[in-house]
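A short write-up of the structure that comes next.
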Amino acid sequence: MSEQIEISAGYDPDPSRSNSLLASAYTDAGWYDADLKSIVARTWQWVCHVEKTREPGSYVTTEIAGNPIAVVRGKDGVLRAFYNVCKHRAHELLSGEGVTTRIMCPYHAWVYRLDGQLARAPHTETLKDFDTSAICLDEILVEEFCGFVFVNLDPQAVSLSKQSGDLETEIRHWAPDVDKLTFGHRLTYDIKSNWKNVVDNFLECYHCPTAHKDFCDLVDMDTYKVTTHGIYSSHMADAGNAANRAYDVSNATVRTHAVWWLWPTTCLMRYPGRSSMIVLNIVPVGPDRTLETYDFFLETPEPNEMERDAIRYLDEVLQVEDIGLVESVQRGMSTPAFTQGRIVHDPGGSGKSEHAVHHFHGLVLDAYARGPA
């Protein structure tokens, strides 16, 4: 309890009175362990677009809080998720992604049906009290939401559609074709910063006029509004009307910059251009290390010229700027010179306010208080 009181010191439910999270939440290995057990392992985590799991037998593998996971579409059409671990000697079963008619362990060739039930175990005929029908892969929660697949390691978790309130309605209003989009490109980054610094940076545009001058021409900052909800926040702005150095949007059919952050590590982005959705998946891998993937889902598998320019801008300009920022912040938080800072709050909800950062910090502290599942 004393640790919980300490980690919440300085935080106030009123963002106009509040400080940020303590630096120790971003630097201490103990709090990183709490991040994995109390946050990542208890929340809905993004896996892929539904296009990868439409066909019976299609599967995708991933890792959540250090646990290997497989998502599989059964022959009965039901989407299931399992710990990707053989019940014999714990070898991983599936790798990568693809389509299969069965799940066979590459170690001793135990074979499972697509519903997780053990079908065959070689050379076990003489074993006493051994019943293949009693052995099944451990299932976890899986959900199709807004055209994407999410999983949750917490067996008691409330469904994502229920937890997230009006998020699906909001996304489908701005991106009605999200289910029909197709994968076009992936960017990957290895960042020397705690994952919460990456989220903090994403949730405010207070730094944009200083650090992202091209971005401030791409969107009309006067229209940038941020709204917080239960487990997500919406970030909306109109496309800029003048020429900009990010990429040319003069022929854009989508004229709204619509972005959603979903607690804790998923960011859905719809930039000006053609219809598209960019998924930023933030993966904590150490107290001071984060992996990021940016998956671009487009109208066509091949990006058009505007999208190629947008990908180039995000990769070569915007990400370079943001990674430099969060890595500098991480270094500063690791010194004696910083404990915590003041939240800058605009009651009007502009993009230059840090109220969405404050909202995120409140969810972090609530998760720490609840503890592991």
Side-chain angles (χ1 to χ4, degrees), residues 36-37 40-144 148-155 157 182-183 185-190 265 279 281-286 289-293 295 301 373:
L36 295 184
K37 295 177 179 177
V40 178
R42 298 195 66 175
T43 53
W44 289 97
Q45 298 289 313
W46 182 83
V47 177
C48 63
H49 190 278
V50 292
E51 71 171 351
K52 287 189 177 181
T53 59
R54 286 195 177 113
E55 181 182 349
S58 56
Y59 69 89
V60 175
T61 62
T62 188
E63 184 177 294
I64 307 295
N67 296 277
I69 303 298
V71 176
V72 183
R73 179 75 68 181
K75 294 179 181 178
D76 56 1
V78 175
L79 190 66
R80 299 178 178 87
F82 307 99
Y83 283 97
N84 191 21
V85 177
C86 184
K87 304 300 286 185
H88 173 222
R89 294 273 296 280
H91 197 283
E92 290 186 8
L93 294 164
L94 296 169
S95 61
E97 57 189 60
V99 179
T100 186
T101 58
R102 61 182 182 171
I103 302 171
M104 187 175 78
C105 181
Y107 196 7
H108 298 100
W110 280 34
V111 177
Y112 302 83
R113 295 197 294 266
L114 299 182
D115 64 1
Q117 178 65 52
L118 181 65
R120 183 173 66 86
H123 309 300
T124 58
E125 296 81 7
T126 60
L127 297 183
K128 297 178 180 179
D129 303 320
F130 182 79
D131 180 8
T132 56
S133 67
I135 299 176
C136 189
L137 300 179
D138 287 13
E139 200 162 347
I140 66 169
L141 297 179
V142 62
E143 187 169 343
E144 296 177 65
F148 297 101
V149 176
F150 290 80
V151 296
N152 196 320
L153 302 186
D154 181 0
T182 188
F183 177 76
H185 193 75
R186 168 172 278 196
L187 299 173
T188 304
Y189 305 94
D190 191 335
T265 53
V279 180
N281 189 36
I282 298 169
V283 183
V285 290
R289 184 174 172 226
T290 301
L291 297 181
E292 280 186 343
T293 56
D295 284 337

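Shown here are the side chain to side chain contact (heavy atoms under 4.5 Å, CB included) partners of T53, two or more places apart in sequence or in another chain: C48, S58, V60, V71, R73, L79, V149. Applying the side chain to side chain donor-acceptor pair (under 3.5 Å) rule to T265 yields the partners Q45; only residues at least two apart in sequence or on another chain are considered. Take D190 and apply the side chain to side chain contact (heavy atoms under 4.5 Å, CB included) test, not counting sequence neighbours, and it matches R289, L291. Contacts of H185 classified as ring-ring contact (aromatic ring centres under 6.0 Å, His included), with partners at least two apart in sequence or in another chain: none. Taking R186 as the reference, D295 meet the salt bridge (charged side-chain N to carboxylate O under 4.0 Å, His left out) condition, with sequence neighbours excluded.
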L153/I69 under side chain to side chain contact (heavy atoms under 4.5 Å, CB included): CA gap, chis, key distance, verdict: CA-CA 9 Å; L153 302 186; I69 303 298; 3.7 Å; yes

Worked check of side chain to side chain contact (heavy atoms under 4.5 Å, CB included) between V142 and F150: CA-CA 6 Å; V142 62; F150 290 80; over 6 Å; no

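When every heavy atom of N281 is checked against every heavy atom of V283, the shortest pair comes out as ND2-CG2, 3.7 Å. For the pair Y112 and C86, the tightest heavy-atom approach, listed with the atom from each and the gap, is OH-SG, 3.2 Å. The heavy-atom pair separating P56 from V99 by the smallest distance is O-CG1, 4.0 Å. Nearest approach of W44 to A157, heavy atoms of both residues: NE1-CB, 4.4 Å. Residues T182 and P301 approach most closely at CG2-N, 3.5 Å, considering heavy atoms.
Side-chain contact between W110 and L93: absent, with no pair of heavy atoms (C-beta onward) separated by less than 4.5 Å. D154 has its side chain out of reach of L141: every pair of non-hydrogen atoms, C-beta onward, lies at least 4.5 Å apart. Side-chain contact between Y189 and T290 is absent, with no heavy-atom pair separated by less than 4.5 Å.
Here CG of L94 is found 6.5 Å from OG1 of T100. Values are rounded to the nearest 0.5 Å. Within the model, atoms CD1 of I282 and CH2 of W46 stand 12.0 Å from one another, a figure rounded to the nearest 0.5 Å. The structure places CD of Q117 at 8.5 Å from CD1 of I135, a figure rounded to the nearest 0.5 Å. Here L36 contributes atom CG and R42 contributes atom CZ; the two are 14.0 Å apart, rounded to the nearest 0.5 Å.
A side-chain hydrogen bond (donor to acceptor under 3.5 Å, both in side chains) check over residues 123-139, counting only residues at least two apart or in different chains, returns the pairs K87-D138, D131-S133. Pairs of residues two or more places apart, or lying in two chains, that qualify as salt bridge (Lys or Arg N to Asp or Glu O under 4.0 Å) and include a residue from residues 47-65 are K52-E97. Sequence neighbours left out, the pairs with a member in residues 107-121 that pass salt bridge (Lys or Arg N to Asp or Glu O under 4.0 Å) are R113-D115.
Formation of a donor-acceptor pair under 3.5 Å by the N84 side chain with backbone atoms of A70 is not found in this model. T61 places a side-chain N or O within 3.5 Å of a backbone atom of G96 that can act as its donor or acceptor partner.
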Name each donor-acceptor pair under 3.5 Å that joins a side chain in residues 102-109 to protein atoms two or more places apart or in another chain, with its distance.
| from | atom 1 | to | atom 2 | distance (Å) |
| --- | --- | --- | --- | --- |
| Y107 | OH | R89 | NH2 | 3.4 |
| H108 | ND1 | H88 | ND1 | 3.2 |

